[in-house]
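This report concerns only the one structure given below.
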Amino acid sequence: MSETMLIDRAPEASDDSAKRRQIVDGARSVFMARGFDAASMGDIAKAAGVSKGTLYVYFKDKDELFGAIVGQECTFQAEGVFEFDHADQDVETALFKHGKAFAEKICDPRRQSSLRAVIAIADRMPDLGRKVYETGPAVGIARMSAYLKAQVEAGVLDIADCEVAAAQFIETCHATMFKPVLFNFAPPPTPERIAYVVGIAVRTFMAAYKAK
């Protein structure tokens with residue numbers, strides 16, 4: 001490969017360029033306000049403060065731009081989600097800590113618009129929906145399942161199917177809170193409400209799975 005080719009490709013290789021971030025931020029505001037179908041590349045260029053010509057230098061079309069936003073959402077989802085210490089056998093405390101942090105994160109109103117946009121387009125762009133699930137919910141279930149298996153092996157818990165148990169716990173952590181926010185039915189839960197709901201989830205889980 002020639003030196004000239006390397007130089008020509010260098011700008012495209014930098015995903016962290018200020019201009020690219022500027023465009024993605026502008027596109028996010030348009031997509032979240034108008035939805036995927038109603039958003040136009042002209043609207044996005046205006047919101048990002050760039051020309052349409054500059055926009056097309058970085059992204060070939062609206063689909064690719066939306067994919068970049070989904071990629072950021074995937075990174076956000078994976079950060080700090082159920083990162084357990086397998087040697088920690090204080091299961092009740094660990095579950096409460098992680099369940100509370102998860103509920104706070106998923107009920108954050110700043111995330112709802114992006115989730116709604118992904119759900120709305122998932123039927124037409126299944127690969128993007130799949131990517132969001134694989135880097136978010138699937139990661140949380142897998143990490144918690146691994147922690148539960150370690151506690152079963154240590155004799156602390158008695159669980160026949162750790163994957164199902166992990167998924168059940170995660171769902172109960174945001175019961176009565178996440179969906180009302182997602183559908184704009186209710187405001188985000190207070191910290192006190194989150195602690196209350198997660199506390200019930202932990203007690204229910206321990207009652208079902210603590211080794212006798």
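Nothing here was measured: the structure is a model prediction, and the numbers come from that model.
Lys19 contributes atom NZ, which lies 11.5 Å from atom CZ of Arg21 (distance to the nearest 0.5 angstrom). Between the CZ atom of Arg111 and the CZ atom of Phe178 there is a distance of 7.5 Å, given to the nearest 0.5 Å. To the nearest 0.5 angstrom, His86 atom NE2 is 10.0 Å from Arg143 atom CZ.
Following chains of ILVMFWY side-chain contacts shorter than 4.5 Å, one cannot reach Val202 starting from Val164, and the two form parts of different hydrophobic clusters. In the hydrophobic clustering of ILVMFWY residues, with side-chain heavy atoms under 4.5 Å counting as a link, Phe183 and Ile106 come out together. The hydrophobic cluster containing Phe36 also contains Ile44, counting ILVMFWY residues as joined when their side-chain heavy atoms lie under 4.5 angstrom apart, directly or transitively. Linking ILVMFWY side-chain heavy atoms closer than 4.5 Å, directly or via other members, places Tyr56 and Leu65 in a single hydrophobic cluster. Under a hydrophobic clustering in which Ile, Leu, Val, Met, Phe, Trp and Tyr are joined whenever their side-chain heavy atoms come within less than 4.5 Å, directly or via other members, Met144 and Ile200 fall into the same cluster.
Of the charged side-chain nitrogens involved, at least one lies within less than 4.0 Å of a carboxylate oxygen, so that Arg28 and Asp25 count as a salt-bridged pair. The pair Lys100-Glu104 meets the salt-bridge criterion, with a side-chain N (NZ, NE, NH1 or NH2) lying under 4.0 Å from an Asp/Glu carboxylate O. For the pair Lys97 and Asp88, the salt-bridge criterion is not met [side-chain N within less than 4.0 Å of a carboxylate O].
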Inset, instruction - Tell me, with the steps shown, if Gln168 and Tyr209 meet side-chain contact (heavy atoms from CB on, under 4.5 Å). - result: CA-CA 12 Å; Gln168 288 174 335; Tyr209 295 120; 3.0 Å; yes

Inset, instruction - Run the numbers on Phe205 and Leu148 for side-chain contact (heavy atoms from CB on, under 4.5 Å), then give the verdict. - result: CA-CA 11 Å; Phe205 183 92; Leu148 297 181; 3.7 Å; yes

Inset, instruction - Give the C-alpha distance, both sets of side-chain angles, the deciding distance and a yes or no for ring-ring contact (aromatic ring centres under 6.0 Å, His included) between Tyr147 and Phe82. - result: CA-CA 9 Å; Tyr147 173 72; Phe82 294 117; 10.0 Å; no

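Smallest separation of non-hydrogen atoms from Ser145 and Ala166: N-CB, 3.8 Å. Shown here for Ala68 and Arg20, the closest heavy-atom pair between the two residues is CB-NH2, 3.8 Å. Here the closest non-hydrogen pair linking Val152 and Cys162 is CG2-SG, 4.0 Å. Considering all non-hydrogen atoms of both residues, Leu55 and Ile23 come closest at CD1-CG2, 3.2 Å. Considering every non-hydrogen atom in both Ala165 and Ile159, the closest pair reads CB-CG2, 3.8 Å. Across Ala195 and Phe96, no two heavy atoms sit closer than the pair O-CE1, 3.6 Å.
A 4.5 Å side-chain heavy-atom check between Val181 and Pro189 finds at least one atom pair inside the cut-off. Using a 4.5 Å heavy-atom cutoff, the side chains of Asp37 and Arg124 are in contact. Val198 is not listed as a side-chain neighbour of Phe102, based on a closest heavy-atom distance of 4.5 Å or more. Considering only heavy atoms from C-beta on, Thr204 stays 4.5 Å or farther from Thr172 through its side chain. Between Ile119 and Arg116 the shortest side-chain heavy-atom distance does not fall below 4.5 Å.
Side-chain polar atoms of Ser40 and Arg34 form no donor-acceptor pair below 3.5 angstrom.
Listed by chain and residue number, nothing satisfies the side chain to side chain donor-acceptor pair (under 3.5 Å) test with Asp158 (two or more places apart in sequence, or in another chain). Judged as a side chain to side chain donor-acceptor pair (under 3.5 Å), and not counting sequence neighbours, Gln112 has no contacts. Taking the side chain to side chain donor-acceptor pair (under 3.5 Å) definition, one finds that Asp127 meets it with Arg130, sequence neighbours left out.
Other residues, nucleotides and ligands contribute only 12 or fewer heavy atoms inside 6.0 Å of the CG atom of Asp123. Shown here is Lys62, whose NZ atom has more than 12 heavy atoms of other residues, nucleotides or ligands within 6.0 Å.
At least one donor-acceptor pair under 3.5 Å links the side chain of Lys212 to the backbone N or O of Lys210.
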